[in-house]
Amino acid sequence: MIEPFVDLLFLVLVLVSVAGVGGAIARFAGWTFGSGWCDVVLWSCIGFGCLSMFMLALGLAHLYQPGILRLGAGLWLVSGVLFLVRTAPGVSRLASLPHAQLPWYQLLALALALTALAFGGLRSMAPPHGATDPLAYQLALPKIYLARHFLSFERTINGSLYPGYMNVLYVLAIALRGGALAQSLHWLLGVLSCAAIVAVGWRQLSLRIGIWGAVLFSFTPVLVFYGSQGYIDVGLCFFQIMAFWAMTEWLDRGTTRLLVLAALITGISMGIKTPGAVLLVLGAPIVMWNSRTEGVASSARRTLLFCSVAIAVASPWYIRSFLYSGNPIWPLANGLFGGLDFGHTNFMPAFVQEAIGSADQGLMGRVWGVTGSVASRVMTKFPSLWKWTWQPSSMQHMVGSYWVALLPGLLLVGVRRPALRIALFAVGFYLATILLLGANPRYSLLLFSFLALLSGDVIETILQTRSKWLGVVVVGGVVASGLCNTAWSYSLAAPTLPYLSGEVSREKFLHGTESTFGVFDYANRKLPAGATVLLQGLVKGYYCDRLYLWDHPYQRVLSYGDFTEIDDLAERMRELKITHVARSIRVPSGRVAMGYPQYFLDPFHERFRKRYLTLLYRDDYNVLFELRYQDQNPISESPASPGVLLPRHEELWALGQGRR
Amino acid sequence: MSKREKVSTESRSASHRDSGDSIRVAMDVAMAIWVIGVVGLYYTTHGYLDLLQALLGFGQ
């Protein structure tokens with residue numbers, strides 16, 4: 001029962017340390033957003049950004065040692081506390097926020113939102129379970145980095161070379177406490193996103209609009225569902241909101257240091273996820289346009305400054321990817337860059353494929369192709385918001401009802417001048433991210449922060465300028481739906497309550513909620529330290545403490561299609577030093593369609609199993625086999641290397657090179 | 001301006017005001033119906049009411 005509270009304490013300490021260090025840096029650089037509340041949000045952003053860059057440097061320098069990480073975290077905490085204590089009078093200006101006169105119904109909506117966020121916080125404090133991506137990439141890779149002590153390239157894991165400013169924060173969280181702290185960190189960034197929306201709304205429009213915006217944003221289902229898990233998207237959203245905010249402050253005040261701040265935060269966004277680069281694409285023309293009165297040279301200089309700072313901050317991730325694979329965004333757009341072999345060459349929008357075109361297409365053919373492709377995409381994707389509201393194809397498309405319900409109110413109340421900037425940014429972001437890149441709502445949370453502020457503006461304008469009863473209907477709708485949303489947040493958190501209250505142990509909780517925990521718990525207890533496990537039909541390797549490989553159909557280290565004889569497959573597995581196989585008993589139909597074998601129904605794999613595999617463990621979901629090669633000399637009996645995970649990526653790399 | 005013209009102008013502007021008010025009320029009514037419709041339909045078709053019922057113990 002004590003564990004979740006210790007995690008909570010660590011979360012508070014992390015927040016204190018990043019806010020303090022961020023504050024010291026902001027003070028040094030002269031960055032301020034004008035008031036205590038706004039500055040504390042800014043400090044947190046700067047602190048988290050700097051912590052990410054610090055962790056990146058440690059990872060590149062092979063310094064992911066538990067002692068070094070604890071020492072570093074301790075120094076950050078001491079520095080942060082010292083700064084906060086020294087500036088305590090300034091921090092106390094936070095108290096200015098509650099002095100604002102808020103109507104009772106807004107306080108009620110805010111209380112519901114805070115309750116729902118608190119349920120999300122509780123949910124994040126349970127051990128990671130259920131979700132695929134965190135247990136396959138976002139949390140699994142940091143755990144491997146920790147075991148290897150550096151930012152290694154895991155050739156068989158798809159997301160291994162994605163930019164990772166969030167992942168390195170998870171490295172620290174896992175080193176200090178474990179996956180639950182990493183999830184709580186993601187949740188905290190969601191809370192900070194809401195705080196940033198309040199602050200942006202306050203600065204640009206009014207405090208009440210900012211609070212309405214934060215309330216509506218906090219109820220967005222995609223945020224509620226994913227914000228408490230170890231994804232990275234809410235973190236991306238936080239930095240994007242802050243980059244937008246810094247840009248608006250620069251537009252209002254025009255100082256170069258604010259432009260540099262906007263560029264730095266944009267760079268962090270690009271270093272969290274590649275779609276974060278959309279802010280650079282939108283921001284550069286804005287910088288150029290806004291500086292036009294100062295002359296062409298000055299305008300170009302400012303634009304260059306903005307782009308170069310942002311790219312410099314994000315570039316280590318893309319350079320790392322290029323050095324390992326020959327493709328700065330591997331495995332995305334691999335057909336364009338011709339990087340390390342990967343089973344899927346496209347992973348890029350159709351209009352980019354048209355732009356690349358074929359050799360005999362000619363320039364006009366390509367232009368025509370791109371135009372047609374963009375037009376077709378816009379036509380197809382234009383009604384996305386409507387479709388996501390009524391027929392979301394998955395959880396990551398669930399956006400809730402507020403945007404369809406409230407945004408038509410803009411026709412009623414008009415877009416006031418202060419909101420116009422937000423509306424234009426929202427349209428630009430929608431065009432770039434949704435229509436052109438085809439990103440889903442989970443990747444595009446920034447859009448919903450804009451829509452939340454615009455919807456907040458609609459609510460407040462209706463309350464002030466339209467019929468009283470219309471205001472009652474609108475606010476009643478928000479409060480009633482807030483009750484439903486809070487109930488949903490509670491229902492999501494409810495399964496974790498027995499663990500949080502100490503009624504159920506961590507092991508029992510995970511056995512009941514995470515299908516891969518049983519097989520890996522057994523593997524961690526029984527397999528020798530030098531074992532290498534092949535995951536068949538599984539990608540969630542987070543709970544496996546041994547070296548492991550995926551057999552994902554797109555990776556090119558082990559491709560079943562290359563073998564017609566089971567002995568050849570066994571020989572390849574021997575080359576890869578695979579000693580054990582963890583297999584999903586029933587591979588889901590979606591994965592079979594992707595190219596995974598249904599192993600127990602596949603004659604080739606059945607012959608292989610009968611000849612080479614010995615059952616060690618089984619539960620309802622997975623089995624664990626030992627590989628017995630024909631010479632009866634299992635590799636696991638060879639001298640074990642020190643450490644849990646063997647630093648053998650170079651060998652895998654070399655073996656993979658032959659398959660380019 | 002003669003008295004008759006003055007009365008006529010006032011009457012016209014009152015008529016415009018009434019017409020403007022009517023449009024304004026009609027738009028407010030339309031917005032209210034829209035908000036109630038969308039929010040109501042969304043929360044009844046996405047399982048939230050069942051969830052609330054289950055949590056509050058109704059219908060069991």
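Every chain is numbered from 1, with letters handed out A, B, ... down the list of sequences.
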(message) At a 4.5 Å cut-off on heavy atoms, which part of Trp390(A) comes close to chain B: side chain, backbone, both, or neither?
(response) both
(message) Checking side-chain polar atoms at under 3.5 Å, does Tyr490(A) have a donor or acceptor matched by the opposite partner on Asn485(A)?
(response) no
(request) Assign the ring pair Phe509(A) / His129(A) to parallel, tilted or perpendicular, where the plane angle (0 to 90°) is split at 30° and 60°. (result) perpendicular
(message) Less than 4.5 Å apart, side chain to side chain, heavy atoms only: is that true for Thr389(A) and Trp386(A)?
(response) no
(message) Is the shortest side-chain heavy-atom distance between Phe219(A) and Trp488(A) below 4.5 Å?
(response) no
(request) Pull out the residues in residues 28-35 of chain B that come under 4.5 Å of chain A, heavy atom to heavy atom, sorted by number. (result) Asp28(B), Val29(B), Met31(B), Ala32(B), Trp34(B), Val35(B)
(request) Evaluate the ring planes of Trp388(A) and His397(A), with Trp represented by its six-membered ring, and classify them as parallel (under 30°), tilted (30 to 60°) or perpendicular (over 60°). (result) tilted
(request) Measure Leu470(A) against the heavy atoms of chain B and call it side chain, backbone, both or neither at under 4.5 Å. (result) side chain
(request) For chain B, find which of Gly476(A), Gly400(A), Pro392(A) contributes the most heavy-atom pairs closer than 4.5 angstrom. (result) Gly400(A)
(message) What I want to check is whether the side chains of Arg208(A) and Gln106(A) have a donor and an acceptor closer together than 3.5 Å.
(response) no
(message) I'd like to verify something: which residue of Ala487(A), Ser481(A), Gly477(A) has the highest number of heavy-atom pairs under 4.5 Å with chain B?
(response) Ser481(A)
(message) Using the side chain to side chain donor-acceptor pair (under 3.5 Å) criterion, which residues pair with Gln464(A)? Sequence neighbours excluded.
(response) Glu460(A)
(request) Begin with the C-alpha distance, continue with both residues' side-chain angles, and end with the deciding distance and a verdict on salt bridge (Lys or Arg N to Asp or Glu O under 4.0 Å) for Asp133(A) and Arg442(A). (result) CA-CA 12 Å; Asp133(A) 285 9; Arg442(A) 177 161 72 83; 3.3 Å; yes
